[in-house]
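See below for the structure under consideration.
By convention here, the first residue in the shown sequence is residue 1.
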Amino acid sequence: MDDTVILDSLYYMALNSAKKMALELGENKDIFWHDEWVDTLKKEFNRKCWKGKYYSSNAKKFQDDRANALASLSGLAGAEKQPSIVGNVLIPNQYCSPHFEWMVEEAMCYARYYEAALKCIKERYQLHCGCLVIFLKDFQRSS
């Protein structure tokens, strides 16, 4: 798991949420600091982690669908990077547990790859759905 990309994405989301809360509460004195920090983080993240086709802190080790999904959903990845992330990482790599899986499909939808997201859901959850059907049939017979 590419912890660097994941943590930077979560931190970026937290900073943006803190700004929204400050604005809602009328606490405008620190908005400049938020804007400056968010812009700096985004620039440095893209400089350091963008590998031309996807985000990674170590391109030889990580092509992590979880990390790239979060980079997309957080807003760190611009719209111009979305097709590359989807095609090079989100579709071919399947490292997610069910906990992260929804984020991959949401990132695909965010990039307007709706059919690919639906296909991934069907393929990745088919085993689980089949087991559930068998369990429910067995449960109905025993009741």
Side-chain angles (χ1 to χ4, degrees), residues 1-140:
M1 185 180 314
D2 196 337
D3 293 338
T4 299
V5 174
I6 289 172
L7 293 175
D8 284 356
S9 298
L10 292 172
Y11 186 57
Y12 186 78
M13 293 169 89
L15 285 172
N16 281 310
S17 294
K19 178 183 176 180
K20 290 176 188 174
M21 288 185 272
L23 288 171
E24 188 65 31
L25 294 170
E27 297 292 332
N28 299 327
K29 65 183 182 282
D30 293 328
I31 297 304
F32 175 76
W33 177 87
H34 281 285
D35 290 342
E36 187 177 302
W37 190 238
V38 164
D39 289 343
T40 300
L41 176 61
K42 188 171 187 172
K43 287 176 190 169
E44 286 303 306
F45 176 81
N46 278 285
R47 184 187 65 76
K48 181 176 132 187
C49 295
W50 181 246
K51 304 305 180 198
K53 295 182 179 181
Y54 55 88
Y55 288 101
S56 181
S57 63
N58 181 341
K60 292 180 183 175
K61 186 175 181 183
F62 298 120
Q63 291 183 18
D64 193 342
D65 52 344
R66 300 161 289 201
N68 279 269
L70 274 172
S72 293
L73 294 174
S74 71
L76 282 168
E80 73 283 356
K81 293 182 172 122
Q82 299 296 330
S84 182
I85 290 170
V86 171
N88 290 299
V89 180
L90 300 185
I91 291 174
N93 297 339
Q94 298 180 7
Y95 303 123
C96 288
S97 67
H99 174 72
F100 261 98
E101 185 63 40
W102 71 269
M103 291 181 217
V104 170
E105 274 83 31
E106 186 170 339
M108 292 170 87
C109 289
Y110 183 73
R112 302 185 185 278
Y113 284 78
Y114 307 114
E115 293 299 323
L118 184 58
K119 182 179 178 196
C120 284
I121 290 170
K122 287 178 179 178
E123 289 174 358
R124 294 178 187 186
Y125 286 108
Q126 186 170 352
L127 173 64
H128 303 292
C129 293
C131 292
L132 181 59
V133 168
I134 292 168
F135 169 77
L136 290 173
K137 286 180 180 178
D138 287 347
F139 181 77
Q140 287 173 339

More than 12 heavy atoms from other groups under 6.0 Å of OH on Y110: no
Minimum side-chain heavy-atom gap I121-W102 below 4.5 Å: no
Rounded distance [0.5 Å steps], CG in N58 versus CD in Q63: 10.5 Å
D65 side chain vs Y95 backbone, donor-acceptor pair below 3.5 Å: yes
CD (E24) with more than 12 external heavy atoms under 6.0 Å: no
Sub-4.5 Å side-chain heavy-atom contact between I91 and V86: yes
Main-chain N/O of A71 paired with S74 side-chain donor or acceptor, under 3.5 Å: yes
Distance-minimising heavy-atom pair for A77 and Q82: O-NE2, 3.2 Å
Among S72, C96, C120, side-chain contact (heavy atoms from CB on, under 4.5 Å) partner for V104: C96
Donor-acceptor under 3.5 Å (N88 side chain, Y54 main chain): no
Y11 and L15, any side-chain heavy atoms less than 4.5 Å apart: yes
Value rounded to 0.5 Å, distance of OG1 in T4 from CZ in F62: 7.5 Å
Interatomic distance, W37 atom CH2 to T40 atom OG1 [nearest 0.5 angstrom]: 6.5 Å
Distance in Å, E44 CD paired with D39 CG, rounded so as to fall on 0.5 Å steps: 12.0 Å
Any donor-acceptor pair under 3.5 Å from K53 side chain to W50 backbone: no
Closest heavy-atom pair and its distance - M103, A69: O-CB, 3.7 Å
Taking every non-hydrogen atom, the tightest pair across A117 and E105: O-CG, 3.4 Å
For the student: nearest non-hydrogen atoms of Y113 and P83, plus distance: OH-CB, 3.3 Å
side-chain contact (heavy atoms from CB on, under 4.5 Å) between I85 and L90, worked out: CA-CA 6 Å; I85 290 170; L90 300 185; 3.9 Å; yes
Min side-chain heavy-atom separation R112-Y114 under 4.5 Å: yes
Student check: side-chain heavy atoms of M1 and I6 closer than 4.5 Å: yes
Any side-chain donor near an acceptor of the partner, N46 and Y55, under 3.5 Å: yes
Distance, nearest 0.5 Å, that separates CG of L70 from CG of L76: 9.5 Å
CD1 on I31 to CG on L23, rounded to 0.5 Å: 4.0 Å
